[in-house]
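Chain letters run A, B, ... following the sequence lines, proteins first and then strands; every chain starts at 1.
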Number of protein chains: 2
Amino acid sequence: MAKPAHRSYSRYARQAAELLGLMIRNARIERGITVADVAERAGLSRGLVHRIEKGEMGSSVGAAFEVAVIVGLRLFEAEPTTLTRHLSMERDKLSLLPQSARTGTTKVKDDF
Amino acid sequence: MAKPAHRSYSRYARQAAELLGLMIRNARIERGITVADVAERAGLSRGLVHRIEKGEMGSSVGAAFEVAVIVGLRLFEAEPTTLTRHLSMERDKLSLLPQSARTGTTKVKDDF
DNA sequence: GAGGTATGCCTCATTCATGGACCATTTTAG
DNA sequence: CTAAAATGGTCCATGAATGAGGCATACCTC
């Protein structure tokens with residue numbers, strides 16, 4: 001015991017989580033699905049789905065995103081179809097940055 | 001052994017998590033911040049930040065969003081400023097749906 | 001080249017989230 | 001209105017995520 005351990009989150013992070021939760025709930029209600037329904041489809045407990053909708057910071061990304069997908073929410077303004085494209089875009093971007101970053105030394109391994 | 005326990009996630013959920021991780025990493029590198037730096041600022045361990053960037057489903061929403069905010073990522077296509085607005089929008093939406101949903105009974109409390 | 005830093009990844013102890021049961025309240029259906 | 005369902009919330013055991021440390025590699029600076 002004697003462990004405060006409470007994480008301190010920034011306001012934006014909290015709001016983002018809350019927003020995600022609300023979007024999920026709204027999407028779910030619009031589709032006329034019950035929490036229990038979503039929980040079953042996601043393979044999660046009702047309690048967890050409920051906490052996700054409440055925007056609790058402790059829920060796992062996996063659970064939250066799974067629920068979001070189930071209620072038909074589009075994550076990151078990307079439809080499932082374009083999600084893959086976004087992914088490769090980010091991947092390409094990544095393979096470019098590491099080396100160069102900002103130093104334009106163009107250090108090629110031509111020491112042969 | 002004898003405990004598979006592995007959660008089964010949908011493809012989209014996994015991709016979304018991976019995308020978030022890549023976006024975070026790209027944003028971080030573009031800003032020239034180190035993982036250790038981000039970890040310290042977020043009050044998290046390097047290992048966790050690393051896992052978040054890898055898009056692991058187990059990380060908590062709080063940690064992931066906190067990191068995202070720190071590297072200056074815009075969550076849900078919303079800038080910090082508009083996040084609040086999005087929030088109230090979703091809240092309003094919610095207070096409208098529950099009762100009516102699709103039944104247009106327009107049950108007003110005019111029973112006075 | 002050498003030296004320093006950042007990253008990637010592993011293991012393990014501790015802490016915390018999760019599932020499940022239960023109950024109160026609200027909402028829907030009849 | 002009453003009955004049934006859905007939601008919101010609590011408590012607890014247990015499994016899982018986290019933090020810490022260490023180590024190998026990749027990278028940048030000089």
Side-chain angles (χ1 to χ4, degrees), chain A residues 1-9 17 21-22 24-26 28-29 31-40 42-64 66-67 71 94-109 111-112, chain B residues 1-9 17 21-22 24-26 28-29 31-40 42-64 66-67 71 94-107 109 111:
Chain A
M1 61 290 264
K3 257 301 156 54
H6 278 234
R7 296 218 184 306
S8 70
Y9 296 112
L22 279 175
I24 287 177
R25 177 170 300 178
N26 285 336
R28 176 178 62 79
I29 296 180
R31 300 202 161 203
I33 325 176
T34 72
V35 173
D37 236 331
V38 174
E40 168 147 21
L44 305 172
S45 66
R46 266 181 33 213
L48 180 53
V49 175
H50 186 243
R51 280 178 230 152
I52 291 173
E53 287 193 351
K54 269 192 53 179
E56 294 199 5
M57 310 294 278
S59 349
S60 71
V61 173
E66 187 71 37
V67 169
V71 299
L94 180 60
S95 58
L96 246 63
L97 289 179
Q99 330 270 8
S100 47
R102 38 203 173 191
T103 66
T105 34
T106 319
K107 192 76 168 173
V108 195
K109 285 175 66 177
D111 60 334
F112 124 83
Chain B
M1 65 286 268
K3 253 304 157 58
H6 279 232
R7 295 220 183 301
S8 70
Y9 295 112
L22 281 174
I24 288 177
R25 176 169 302 178
N26 285 335
R28 176 179 62 78
I29 296 180
R31 299 202 161 203
I33 324 176
T34 72
V35 173
D37 235 331
V38 174
E40 168 146 23
L44 304 172
S45 65
R46 269 182 27 217
L48 180 54
V49 174
H50 185 242
R51 282 182 230 158
I52 291 174
E53 288 194 351
K54 269 190 53 177
E56 295 200 4
M57 310 294 278
S59 351
S60 71
V61 174
E66 186 70 35
V67 169
V71 299
L94 180 60
S95 58
L96 247 63
L97 288 178
Q99 329 269 9
S100 47
R102 33 194 180 207
T103 66
T105 34
T106 317
K107 191 74 168 177
K109 286 175 68 178
D111 59 334

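For Leu48(A) and dT7(D), the CG to C1' distance is 15 Å, given to the nearest whole Å. Nucleotide dA17(C) holds its P atom 11 Å from the CE atom of Met57(A), rounded to whole Å. Here the C1' atom of nucleotide dG8(C) and the CD atom of Glu53(B) are 11 Å apart, to the nearest Å. Summarising the geometry, the separation between CG on Leu44(B) and P on dA20(D) is reported as 10 Å, rounded to the nearest angstrom. With rounding to whole Å, Ile29(B) atom CD1 is found 13 Å from dA26(D) atom C1'. Rounded to whole Å, the distance from CD on Glu56(B) to P on dA16(D) is 15 Å. Taking atom CD on Glu66(B) and atom C1' on dT18(D), their separation rounds to 16 Å, with Å as the unit. Atoms CD1 (Ile52(B)) and C1' (dC9(C)) sit 16 Å apart, rounded to a whole Å.
Both Ala36(B) and Ser60(B) lie near DNA chain C, and the one whose nearest nucleotide falls closer to the 5' end is Ala36(B).
Between the side chain of Arg28(B) and the backbone N or O of Val38(B), no donor-acceptor pair lies under 3.5 Å.
Put simply, Lys54(B) has a side-chain N or O that comes within less than 4.0 Å of OP1 or OP2 on dC9(C). Taking only side-chain nitrogens and oxygens, Arg25(B) comes nearer than 4.0 Å to OP1 or OP2 of dG8(C). Close to dA6(C), at under 4.0 Å from its OP1 or OP2, lies no side-chain N or O of Arg28(B). At least one side-chain nitrogen or oxygen of His50(A) sits closer than 4.0 Å to the OP1 or OP2 atom of dG8(D). Dashed line: the shortest gap from a side-chain N or O of Arg51(B) to OP1 or OP2 of dT7(C) is not under 4.0 Å.
Counting all heavy atoms, side chain and backbone alike, Ser60(B) lies closest to Met57(A) at CB-O, 3.7 Å.
You'll find that the side chain of Arg46(B) is closest to dT7(C), out of dT18(D), dT7(C), dT7(D). Which of dT18(D), dG19(D), dT18(C) sits closest to the side chain of Ser59(B) comes down to dT18(D).
Screening Ile24(B), Val67(B), Leu48(B) for a side chain to side chain contact (heavy atoms under 4.5 Å, CB included) involving Glu53(B) leaves a single residue, Ile24(B).
Note that CZ of Arg46(B) and CG of Asp37(B) are 12.0 Å apart. Values are rounded to the nearest 0.5 Å.
Within 4.0 Å (heavy atoms only), Gly47(B) reaches no atom of the nucleic acid at all.
Here the side chains of Arg25(A) and His50(A) are in contact, with some heavy-atom distance below 4.5 Å.
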